[in-house]
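Just below is one structure, and these are the notes that go with it.
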Amino acid sequence: MTNFKEQMTLDERKAKSLKLRKKYRNRIPIIFQSTENSSVPSIDKIKYLIPSDLTIGGFLADMRRRIQLAPEEAIFLFINDKIPMQSETLDSVYSKEKDEDGFLYIYYTGENCFG
């Protein structure tokens, strides 16, 4: 899987995120990708428009269903090499952590923690 930033130039990504933010004002443009050595299966798509009032915990629950993780498999999210608080809204995280291109990059990795 190629990195999203390698697929387009910075200007193309900026234009795309700006267009999305104008059209969908109450949604956050998110790029959701696995880390290089993740034990979690890859997800079917990486670009999402998520409601801004959704919490990180709610987003994580949605992504767990989408990836179809077993209950014993843990998944960890990283935004700018930090683990976000589960109770924080995506709008709050976006305002602090968005990339210069206007997307919020969330990376995930996993580990079998319970056996």
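Small disclaimer: the values here were computed from a predicted structure and weren't measured. Along the sequence shown, the residues carry numbers beginning at 1.
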Strictly distance-based, threshold 3.5 Å: is any side-chain N or O of Tyr94 a donor or acceptor partner for the main-chain N or O of Thr89? no

Does Lys45 NZ have over 12 foreign heavy atoms under 6.0 Å away? yes

Do Gln86 and Thr55 pass the side-chain contact (heavy atoms from CB on, under 4.5 Å) test, and can you show the C-alpha distance, the side-chain angles, and the key distance before you say yes or no? CA-CA 7 Å; Gln86 299 289 309; Thr55 64; over 6 Å; no

Give the cluster check for Phe4 versus Leu10: same hydrophobic cluster or not, with ILVMFWY residues linked at side-chain heavy-atom distances below 4.5 Å. no

Could you check if a side-chain atom of Phe32 sits within less than 4.5 angstrom of a side-chain atom of Leu77, using non-hydrogen atoms only? yes

Going by heavy atoms in the side chains, are Ile79 and Ile56 under 4.5 Å from each other? yes

Minimum heavy-atom separation for Arg64 to Ile75, with atom names? NH1-CG2, 3.6 Å

Quick one: closest heavy-atom pair of Gly102 and Ser17, and the distance? CA-OG, 3.4 Å

May I ask you to test the Gln7-Glu12 pair for a side-chain heavy-atom distance under 4.5 Å? no

Heavy atoms, side chains only, cut-off 4.5 Å: are Leu20 and Phe103 in contact? yes

Ile83 CD1 to Asn80 CG distance, which is reported to the nearest 0.5 Å: 13.0 Å

Ionic contact status for Asp99 with Lys5, cut-off 4.0 Å: yes

How many angstroms lie between CD in Gln33 and OG1 in Thr35, if you round to the nearest 0.5 Å? 10.5 Å

Within one Ile-Leu-Val-Met-Phe-Trp-Tyr cluster: Tyr108 and Met85, side-chain cutoff 4.5 Å: no

Does Met8 belong to the same Ile/Leu/Val/Met/Phe/Trp/Tyr cluster as Leu49, with side-chain heavy atoms less than 4.5 Å apart forming each link? yes

Does the side chain of Leu90 come within less than 4.5 Å of Ile30's, by heavy atoms? yes

Contact check, side chains of Lys98 and Arg21, non-hydrogen atoms, under 4.5 Å: no

Any non-hydrogen side-chain atom of Glu73 less than 4.5 Å from a side-chain atom of Val40? no

For a side-chain contact (heavy atoms from CB on, under 4.5 Å) check, start with the C-alpha distance between Lys96 and Glu88, then their side-chain angles and the critical distance, and finish with the verdict. CA-CA 11 Å; Lys96 295 184 292 189; Glu88 200 167 9; 2.4 Å; yes

Would you compute the distance between atom CD1 of Ile106 and atom CZ of Phe78 and round it to the nearest 0.5 angstrom? 12.5 Å

Give a yes or no on whether Leu18 and Ile31 share a hydrophobic cluster (residues Ile, Leu, Val, Met, Phe, Trp, Tyr; joining criterion: side-chain heavy atoms under 4.5 Å apart). no

Counting only N and O atoms by type, is there a donor-acceptor contact under 3.5 Å from the side chain of Ser52 to the main-chain atoms of Asn26? yes

Nearest 0.5 Å, please: how far is CG in Asp53 from CD1 in Ile28? 9.5 Å

Is Ile43 close to Tyr48 at the side-chain level, that is, under 4.5 Å between some pair of heavy atoms? yes

